[in-house]
Colleague: 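So that we are looking at the same thing, I have put the structure below in structure tokens.
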Protein chains: 2
Amino acid sequence: MSDVAREAGVSPMSVSNAFKRPDIVLPATRERILAVARRLGYVPNRIAGTLASGRSHVVAAIVPSIRNSSFARTIQGLGDYLTEHGYELLLAVADTPERERRAIEAVLGRRPEGIVLTGNEHPPETLALLAGVETPVVETWILGDPIIDMAVGFSLADAGYAIGTFLTGRGYRHIGFAGYAPASQRRFLERQGGFQSALREAGLRDDLLFYAEEAAGFAGGRAAVTELLQREPRLDALFCVTDIFAAGALFECQRRGLSVPGQLAIAGFGDFEIAAEIVPALTTVRTRGYEIGQAAGRLLLDRAAGGPPGGRVNVGFELVSREST
Amino acid sequence: MSDVAREAGVSPMSVSNAFKRPDIVLPATRERILAVARRLGYVPNRIAGTLASGRSHVVAAIVPSIRNSSFARTIQGLGDYLTEHGYELLLAVADTPERERRAIEAVLGRRPEGIVLTGNEHPPETLALLAGVETPVVETWILGDPIIDMAVGFSLADAGYAIGTFLTGRGYRHIGFAGYAPASQRRFLERQGGFQSALREAGLRDDLLFYAEEAAGFAGGRAAVTELLQREPRLDALFCVTDIFAAGALFECQRRGLSVPGQLAIAGFGDFEIAAEIVPALTTVRTRGYEIGQAAGRLLLDRAAGGPPGGRVNVGFELVSREST
DNA sequence: CATTCGAATTGTAGCGCTACAATCGCCCAG
DNA sequence: CTGGGCGATTGTAGCGCTACAATTCGAATG
């Protein structure tokens, strides 16, 4: 910086201002400084800047996966919002609670001005770690308690219930569920619970449940069809916890020569691109992953600007009825 | 840090050492320091550490998209490698050359010890920016010149040629290509060029080309089938630039009642999970995205440790023949 | 022409840590 | 009993920048 200052014939402080507060430096001076900087290949050291100002202009996000398009959309929404407001995104992928804790620790060392988490299932040490710092936290894809501070999401229980009543309303009588073991994450339990309530209210059995290994994709749907049909040959509808699962189930039906929805109706979750394109097109729940990311960014930046803690944003969801049911 | 030092009855320097050089501090002292740190909720400030030591222990990656599973795998591979070696990944998503330049600029301010880029198509200002700093750069998913410094990938031309000869060898005579406009990125051109060579060598026409909008997913495949069949009703095979394109093309065939591969053979690229699951399963090219990420990390860390510049790693590819051809 | 005012510019004093050299204290050989 | 050697610990200086207060200077005012 001082090299640039010397070459441009100004003080280092003016170089700093030329980059950070363009409005308070004379346009001519500013141009001269920037020209010298370009010539010398000078890129301001934000590390030093952060240390001096105490503001990192970084928000960190910790997601369990980037393969899942829901989270990919959330990251995109968050990233767009942050970039637009002069912030940067520090992304960490952590697929187990232990890795999440380590990622949070690593990330805290870089003094982000906010942290975006996925879900609200965190081990006690993680909560203690977060309680010990004053960094604002937003939990996403969940709205129910316990929330550490702020949250953005929608009611997974309502969404599960909506799909359940939709299927019972269509007259299906032996309805299965394909998902992940609810013990692992509360957000799985919520969705499943809402769905089961709907079945019980219609006087139907709610025990045709199949749990795949976590991170199972298309293969999970395939396994669900295989196992549930064996347990209940009269199975006439299946709700899958993601559209990828649902597509896997649909492929398995094609392999077995089962017509969809004639012999088995299939509903998914997420409204991923494949849902509208696959044949037959999938009935699903449209979630607003991009908006979740944007809202998370907004909560955090408002907070950094002195806003109140404890914000909650419900982005809602939407049932999309297509050919598969 | 000085609070922790006071409470633990040691000098700040010992607190620093307890975290950064565990081996040179007495285990008992170290334990005492860490206990105090935990009680006080102290997390070392890596910003200050980076400024003082001149080592950020950060590698930055700039990718055009995280929705594409090839890049997602590369990120995963890079992230795993870095985490294993005590480094962190700073990820930026930039889908245009202009945004890439801005992302690189932003990222350089954080003084990463290496930068991972996708492709080798960068505007002159970007190259100038990179030339002005001494940060090592790895370009991925490409091997051909011009390479800024180091590269990891495989020959896209060979891969395109392999698919081409495979299809001609199977006896197909009117073979189409669905991809992105080669003007936008050289890596698209390479793949297409290799493919076309194979067709010409077999004495076949190589002008059944369809270009989708960039970032088109399943819809791109759908449009390709529609347009190419109109231009050439005898079309009997189609090579798609990604498996997602191929799946979209396959769905369109299902809608039209065209049998695959009976009336139209379809080949994809990438060996995404869907390729093996869809019915009929897709012939495709298996790429090694995860290995690309790992190798990129290795090149960079070796370089940071004093290794030589200019490294190239060819991770190869593999043709996977399935039911769709 | 002296005075005031505000915009533009500039010093100063750290931000929290680590490299490196200096120091301390203990054990053991002579 | 003493000096040397070695591992553990500790001061010092500074990384590159920004907040903030101080200063400069030209234009406007009476």
Side-chain angles (χ1 to χ4, degrees), chain A residues 1-34 36-37 40-58 86 88 105-106 108-113 132-135 304, chain B residues 1-34 36-37 40-58 86 88 105-113 132-135:
Chain A
M1 188 163 103
S2 46
D3 290 352
V4 175
R6 191 170 347 95
E7 288 278 313
V10 294
S11 72
M13 221 27 249
S14 285
V15 178
S16 173
N17 287 333
F19 280 97
K20 293 281 134 59
R21 319 249 345 246
D23 48 306
I24 69 162
V25 60
L26 216 55
T29 317
R30 182 173 130 79
E31 277 316 313
R32 186 157 35 93
I33 292 171
L34 295 186
V36 173
L40 264 46
Y42 168 75
V43 178
N45 186 331
R46 316 270 266 105
I47 299 288
T50 297
L51 184 60
S53 69
R55 312 219 46 183
S56 61
H57 281 264
V58 162
E88 281 165 58
E105 215 165 319
L108 278 177
R110 305 230 126 84
R111 299 295 187 265
E113 297 185 32
V133 299
E134 82 293 15
T135 316
Chain B
M1 187 165 103
S2 46
D3 290 352
V4 175
R6 193 171 344 98
E7 288 278 315
V10 295
S11 73
M13 227 19 255
S14 284
V15 177
S16 173
N17 286 332
F19 280 96
K20 293 279 136 59
R21 322 250 342 248
D23 48 306
I24 71 161
V25 62
L26 218 54
T29 317
R30 182 173 130 81
E31 277 315 314
R32 185 156 37 92
I33 293 171
L34 294 187
V36 172
L40 264 45
Y42 169 75
V43 178
N45 186 333
R46 314 269 268 108
I47 298 288
T50 296
L51 184 60
S53 69
R55 313 221 44 185
S56 62
H57 281 262
V58 162
E88 280 164 59
E105 215 165 320
V107 135
L108 278 178
R110 313 248 173 229
R111 299 296 186 265
E113 297 184 31
V133 299
E134 82 293 16
T135 316

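Bear in mind that the values here come from a model prediction, so they are computed numbers and not experimental data. Order of the sequence lines sets the chain letters (A, B, ...), proteins ahead of strands, with each chain counted from 1.
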Colleague: Looking only at heavy atoms, which two atoms of B/Thr135 and B/Pro112 are closest? And how far apart?
Modeller: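 Closest approach of B/Thr135 to B/Pro112, heavy atoms only: CG2-O, 3.4 Å.
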
Colleague: Nearest heavy atom decides the nucleotide; on that basis, is B/Ala52 or A/Pro12 closer to the 5' end of DNA chain C?
Modeller: A/Pro12

Colleague: Does A/Phe19 reach a base, just sugar-phosphate, or nothing at all? Heavy atoms under 4.0 Å.
Modeller: nothing

Colleague: Do you know the tightest heavy-atom contact between A/Ala18 and A/Val25?
Modeller: CA-CG1, 3.9 Å

Colleague: For B/Glu113 versus B/Arg55, what's the shortest heavy-atom pair and its separation?
Modeller: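 Heavy-atom minimum between the residues: OE1-NH2, 2.5 Å.
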
Colleague: Scan B/Gly49 against the nucleic acid and name what it touches under 4.0 Å (heavy atoms): base, sugar-phosphate only, or nothing.
Modeller: sugar-phosphate

Colleague: To the nearest Å, give me how far apart CG (B/Leu51) and P (D/dG16) are.
Modeller: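 It works out to 7 Å between those atoms.
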
Colleague: Checking all strands, does B/Thr29 fall into the base, sugar-phosphate, or nothing category for heavy-atom contacts under 4.0 angstrom?
Modeller: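 Sugar-phosphate: the residue B/Thr29, judged by heavy atoms under 4.0 Å, touches backbone atoms but no base.
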
Colleague: Please state how far atom CZ in A/Arg21 lies from atom P in D/dC17, giving the value in whole angstrom units.
Modeller: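 Rounding to the nearest Å, CZ of A/Arg21 and P of D/dC17 are 18 Å apart.
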
Colleague: What is the distance from CG of B/Asn45 to P of C/dG16, rounded to the nearest Å?
Modeller: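 Those two atoms, CG and P, are 7 Å apart.
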
Colleague: Answer yes or no: does a side-chain N or O of A/Ser14 lie under 4.0 Å from OP1 or OP2 of C/dT9?
Modeller: no

Colleague: If you assign B/Arg111 and B/Val25 each to the DNA chain D nucleotide with the nearest heavy atom, which residue ends up on the more 5' nucleotide?
Modeller: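 Between the two, 5'-proximity favours B/Val25.
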
Colleague: Measure from CG on A/Asn17 to C1' on C/dT9 and round the result to the nearest Å.
Modeller: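 Interatomic distance, CG of A/Asn17 to C1' of C/dT9: 8 Å.
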
Colleague: With the side chain counted from C-beta on, respond yes when A/Asn17 and A/Arg30 share a heavy-atom pair under 4.5 Å apart, and no when they do not.
Modeller: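 Counting from C-beta outward, A/Asn17 and A/Arg30 never come under 4.5 Å.
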
Colleague: Expressed as a whole number of angstroms, how long is the span from A/Ile47:CD1 to C/dC15:C1'?
Modeller: 13 Å

Colleague: Tell me whether the OP1 or OP2 atom of D/dT10 has a side-chain N or O from B/Ser11 closer than 4.0 Å.
Modeller: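 For D/dT10, OP1/OP2 do have a side-chain N/O of B/Ser11 under 4.0 Å.
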
Colleague: Indicate the atoms forming the closest heavy-atom contact of B/Arg110 with A/Thr50, along with that distance.
Modeller: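 For B/Arg110 and A/Thr50, the tightest heavy-atom pair comes out as NH1-OG1, 3.9 Å.
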
Colleague: Rounded to whole Å, how long is the line connecting atom CZ of B/Arg6 with atom C1' of D/dT9?
Modeller: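 Computing the B/Arg6:CZ to D/dT9:C1' distance gives 18 Å.
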
Colleague: A/Leu26 CG to C/dA8 P: how many Å, rounded?
Modeller: 6 Å

Colleague: In whole angstroms, how far is the C1' atom of D/dT18 from the NZ atom of A/Lys20?
Modeller: 9 Å

Colleague: Between A/Ser2 and D/dG16, is there a side-chain N or O to OP1/OP2 distance below 4.0 Å?
Modeller: no

